[in-house]
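Within every chain, numbering begins at 1; the chains are lettered A, B, ... in the order of the sequence lines, protein sequences first and strands thereafter.
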Protein chains: 2
Amino acid sequence: MPKPVNTSAAPREESPAAATGPVDKALAVLDALVQPDAPHRLADLAARTGLPKPTVHRLLHTLAEAGYAVPGPGGTYQAGPRLLGLAATALAASSELRLARPVLDDLRLRTGHLAHFSVRDGTVAVHVTQSDPSSTYRVPLAAGGEVPLYCSAVGWAMLSALPPATAAELLGADPLPARTPRTVRDPGAVLAAMPAVRERGYAVDDEYAEQDVRAIAAPVLGPGDRVAGAVGIVGLTFTLDEESVAVLGPMVRAAAGAVSASLRGGAGALGIVRGRR
Amino acid sequence: MPKPVNTSAAPREESPAAATGPVDKALAVLDALVQPDAPHRLADLAARTGLPKPTVHRLLHTLAEAGYAVPGPGGTYQAGPRLLGLAATALAASSELRLARPVLDDLRLRTGHLAHFSVRDGTVAVHVTQSDPSSTYRVPLAAGGEVPLYCSAVGWAMLSALPPATAAELLGADPLPARTPRTVRDPGAVLAAMPAVRERGYAVDDEYAEQDVRAIAAPVLGPGDRVAGAVGIVGLTFTLDEESVAVLGPMVRAAAGAVSASLRGGAGALGIVRGRR
DNA sequence: ATCAACGTTCCGTCTCCCGGAACGAATGCA
DNA sequence: TGCATTCGTTCCGGGAGACGGAACGTTGAT
């Protein structure tokens, strides 16, 4: 039996920074609403967000009135049509994603591995879109999932493209939690590996985050060398083996370079556009 | 003095129901943030949402602190990583979408036309996901886009599956705006067409919404005959011509039926699940 | 029959949301 | 180069409405 490792991310405990204003609380509820185990019950949403039950109830009412939540039978709630529309618009409108999509498909076809694009959110990488291979082996990576920067290929790729001071700040000074025996736990060691990553142009995650999973990633740079995200491929170690890394690495680097070039050339996100509108 | 009409061409007055609470306003800002013309300037967001400038500024600050917005150079803003993550999670978690995706791909391959899935949001249909053909002809349908129910195939499909009283309420009593010379403007006429749609199992939009565009759609029903959305194909009239409708219609109907069946059988969205997490 | 847990409503307190006015900076025009 | 807009941003006093503990009716399990 192939173990269905679907650990998209940690159970995602409620935000360490407690939501203070009504907007933050509403965002927390929205975040809980889109979790995969719909439909959601009020008590579960309250527990997940860490908010009092009446507060969640009132927020859900507001969200439902606006079409962002939909009440189901038995007092349950799930994502509403406006939320789905918002999501679809957001993913369709992002220039990074629009440009990355065809590149990911091409990369997936040429490598045979799952290709994905991730962006940085604080100290974690969020997987925003991906191109799934029709493989029989399930790779533990889901859209919307999160992985810490310090133990992922996309994380290392983005860290390598950031100013060293910023990277050091994101890594912190304390030893990092071990996810597998191979996890690099010393922030200094991660930083020390960055020059090599920069020189090669791609980063390799050798079972840092999960057993039997290897990944390769390269940074995507927008206008002004802003780090827009990272392109990567993920595979099980016996499929994505050590010898193939030397072949696949440059392909990933080239894919990320293609997205970067489109980002700069095509639609400059920088405020240099002079023309009207 | 030459009147400097440099404001956006379409005045496009905003929310019919003015945003009252802070949550509604924040949602309006989010909605404006994901529009395709990023990066957005504060004044544009204020104009689009109809909110005062300082209010938008404060909300953007809150959203930025939470990672849902990102300030760019020159005081611009765009969708932040949390928002992209939320969007990716929402689309990946929705059972309708997860089930519809492969069906849409299959439908697209077999018909050669753009296949899409839409849900109802009040009196409009929102296109949530789609499977694009590699056609040279651009069909005017974008993810996140909206079309009124009364003049679209997906709209008619969903109306046909709703209780007639509900459908009548959604259509209203007044004559509907004409989008093309062929638009059916009489709510009564639309209602009168529903029985035929129900019998055939699919609806046809014959240039009701846009010149030279034809569409076919069928309703998707969830547990308890709840209208979950509609599956449809869209094409230019000279590609998706009248003769092919009789052939393509049943294919669309079958595709929608497949999604409906999966929705009921696979993951019951009904609150019958008893098991503890 | 008993009990626990859930969704929902109520309401007094007081937080913090609100947006007009004002200011410095950047840009377009003459 | 100088002027006129328009932008993003900050300030602040008034008051709208968010807040959540307590309570209630109901449901499902024991």
Participant: Which whole-number value in Å describes the distance from Arg41(B) CZ to dG8(D) P?
Facilitator: 6 Å

Participant: Looking at dG19(C), I'd like to know if its phosphate oxygens (OP1 or OP2) sit under 4.0 Å from a side-chain N or O belonging to Thr55(B).
Facilitator: yes

Participant: Asp44(A) has an atom CG; how far is it from atom C1' of dA5(C), in whole Å?
Facilitator: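 So the two atoms are 12 Å apart, to the nearest Å.
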
Participant: Think Arg58(A) has a side-chain N or O under 4.0 angstrom from the OP1 or OP2 of dG20(D)?
Facilitator: no

Participant: So, Arg48(A) and Asp31(A), do they make that salt bridge, N to O below 4.0 Å?
Facilitator: no

Participant: Students often get this wrong, so: under 4.0 angstrom with heavy atoms, is Pro52(A) touching a base, only sugar-phosphate, or nothing?
Facilitator: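 If one applies the 4.0 Å heavy-atom cut-off, Pro52(A) turns out to touch the sugar-phosphate alone, with no base involved.
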
Participant: Expressed in angstrom and rounded to an integer, what is the separation of Asp24(A) atom CG from dC16(C) atom P?
Facilitator: 11 Å

Participant: Rounding to a whole Å, what distance do you find between Leu42(B):CG and dT6(D):C1'?
Facilitator: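 That distance rounds to 12 Å.
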
Participant: Any idea which of dC7(D), dC6(C), dC18(C) is nearest the Ala43(A) side chain?
Facilitator: dC6(C)

Participant: Where the side chain of Ser262(B) meets the backbone of Ala258(B), is there a donor-acceptor pair that is under 3.5 Å apart?
Facilitator: yes

Participant: Between dC7(D), dT10(D), dC17(C), which nucleotide has the shortest distance from any of its atoms to the side chain of Lys53(B)?
Facilitator: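 Output: dC7(D).
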
Participant: Can you confirm whether the side chains of Ser118(A) and His116(A) place a donor and an acceptor under 3.5 Å from each other?
Facilitator: yes

Participant: Could you check whether any side-chain N or O of Ser94(B) sits under 3.5 Å from a backbone N or O of Leu91(B), counting only pairs where one atom can act as donor and the other as acceptor?
Facilitator: no

Participant: Which nucleotide, dC17(C), dC18(C), dG20(D), lies nearest any side-chain atom of Pro22(A)?
Facilitator: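 For Pro22(A), the side-chain atoms sit closest to dC17(C).
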
Participant: Should the pair Glu96(B)-Arg226(B) be classified as a salt bridge under the 4.0 Å nitrogen-to-oxygen rule?
Facilitator: yes

Participant: In whole angstrom, what separates His57(A)'s NE2 from dC19(D)'s C1'?
Facilitator: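 Whole-Å distance recorded here is 15 Å.
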
Participant: Rounding to an integer number of Å, can you tell me how far Leu59(B) CG sits from dG19(C) C1'?
Facilitator: 12 Å

Participant: Atom CG of Leu27(A) to atom C1' of dA18(D): distance rounded to whole Å?
Facilitator: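 Leu27(A) atom CG is separated from dA18(D) atom C1' by 16 Å.
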
Participant: How many whole angstroms separate atom CG of Leu60(A) from atom P of dT8(C)?
Facilitator: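 Whole-Å distance recorded here is 9 Å.
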
